[in-house]
Amino acid sequence: MANKLISEIPLPKSIANVFSARNISTAKDALTLTEFELMELLDVGLTEVRSALSQISEIVAPPYQTALSLMEQRFQNEHLGGHFPTGLKGLDAALCGGIPFGVLTELIGPAGIGKTQFCLKLSLLASLPTNYGGLDGRVIYIDVESKFSSRRLLEIGLRSFPEIFQMKEMAQEMAGRILVLRPTSLAEFTQSLEQIKVSLLQKQVKMLVIDSMAALVSGEHEQGARRQQTLSWHISFIKSLAEFSRIPVVVTNQVRSRNHEDASRYSFQVQSRDGAIGTTMQYDSHLVAALGIQWAHAVTTRLVLEAKSGERFIKVAKSPISPPLAFPFHITSSGISLLSDDGKEVMGPEINAIHCQVNSYWNLCCNVKKCRAQ
């Protein structure tokens, strides 16, 4: 609307002629000048300028919308969006139906916490017929770390949907709907993205899973700003894939140790009375999401998987429609299951903290990496 011609706006003929004579032909040309610049350029008074700007702004400005009208539009366009149920009743209720369509959903957590298990279950659910709650379509699963296990996938299917997976032909059909890619580098992944965009249309793909984006980036030699520039292109492209195809896009992310630059970035760091930077959780809150702030802004929903006090939790750390909630869970032969459908509301900076008490081996690995870096 900024390029709307002045001649198409019902201004008084006298002022419209002056705009034309001074080569101010579009609404953008007029609105980018100050009132005093227009007074001088048009050689008219302040009252005439303000009246003309008011009329131009009223025509080109987008109309306001009420919360009620937005809600009505959402219901009318539900077939273009919606949510995909995860099968975790409490989490689905918190997310108003499940994983949202058309945007990025991130699963973040330390190694061994259950991110890939979650992705396997989601992939399986998406391949199921609609009468079983599935999307009855194909899934593209980008397996960066070679953690995808067809045996585990079939085990989850057999335990969760025995009436389907006990039939050999049906089990093979469901597993055959999941297309696994294993790029060995970020460059190879980049080349495959355009092919993925075509596949989304030609092969009835109903879900995209990337496990994990952090592993792709961490394998490259680029550092700092150059790495962020490379990642920026991938963020934009993956977001466009989600918006273009209107399907759920699930991406896993790793954790890393917090460095000094994070002190001013993360809200769960506080400053003590003596001026030193500290944290509200001293024993294991040294972990933050990999890929940085730019990536964090790109995802619409962030689910944090963590281990604390002998229990595993899924936290809704970021969502436009859900309060910050934590759900205890465990991993069984049928995949991830919630121990309670009643989420506990998480207050303050704790929602952004990432705890890791999965096993002592992981902590040992962290210490070894720190020693090598020194």
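Taking a 6.0 Å sphere around CG of Asn131, one finds it holds more than 12 heavy atoms contributed by other residues, nucleotides or ligands. Shown here is Glu37, whose CD atom has more than 12 heavy atoms of other residues, nucleotides or ligands within 6.0 Å.
Between the side chain of Asp92 and the main chain of Lys89, no donor-acceptor pair closer than 3.5 Å is present. When atom types are taken as modelled, the side chain of Arg302 and the backbone of Ala296 share no donor-acceptor pair closer than 3.5 angstrom. Between the Thr190 side chain and the Leu186 main chain, a donor and an acceptor come within less than 3.5 Å of each other. Between the side chain of Asp29 and the backbone N or O of Ile24, no donor-acceptor pair lies under 3.5 Å. Side-chain atoms of Lys315 never come within 3.5 Å of backbone atoms of Glu306 as a donor-acceptor pair (strictly under, hydrogens ignored). Checking side-chain atoms of Ser20 against main-chain N and O of Asn17 turns up no donor-acceptor pair under 3.5 Å. Using a distance-only test at 3.5 Å, with no hydrogens or angles considered, a donor-acceptor pair links the side chain of Lys318 to the main chain of Val299. A donor-acceptor pair is defined here as one N or O able to donate and one able to accept, closer than 3.5 Å; no such pair exists between the side chain of Gln254 and the backbone of Ser212.
For Arg177, the salt bridge (charged side-chain N to carboxylate O under 4.0 Å, His left out) partners at least two apart in sequence or on another chain are Asp136, Glu173. A search for side-chain hydrogen bond (donor to acceptor under 3.5 Å, both in side chains) contacts involving Glu155 returns Arg152, not counting sequence neighbours. Applying the side-chain hydrogen bond (donor to acceptor under 3.5 Å, both in side chains) criterion to Glu35, with sequence neighbours excluded, gives Arg50. Not counting sequence neighbours, the partners of Asn253 by the side-chain hydrogen bond (donor to acceptor under 3.5 Å, both in side chains) test are Glu106.
The one candidate from Leu11, Ile9, Leu5 that meets the side chain to side chain contact (heavy atoms under 4.5 Å, CB included) condition with Ser7 is Leu5. A side chain to side chain contact (heavy atoms under 4.5 Å, CB included) with Phe118 is found for one member of Val250, Ile331, Ile314, Val209 and no other, namely Ile314. Applying side chain to side chain contact (heavy atoms under 4.5 Å, CB included) to Ile210 and the options Ile196, Ile238, Thr252, Leu104 leaves one that passes, Ile238.
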All N/O donor-acceptor pairs, side-chain side in residues 157-172, below 3.5 Å, sequence neighbours left out:
unit_1, atom_1, unit_2, atom_2, d
Ser160, OG, Ile156, O, 2.9
Ser160, OG, Ser334, O, 3.3

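Separating the OG atom in Ser245 from the CZ atom in Phe101 is a distance of 10.0 Å, to the nearest 0.5 Å.
Electrostatic pairing of Arg182 and Asp143 counts as a salt bridge here, judged by a charged N lying under 4.0 Å from a carboxylate O.
When ring centroids are compared, Tyr141 and Phe148 come within the 6.0 Å threshold.
Listed by first and then second residue, the ring pair (Phe, Tyr, Trp, His ring centres under 6.0 Å) pairs that reach into residues 189-216 are Phe189-His234, sequence neighbours excluded.
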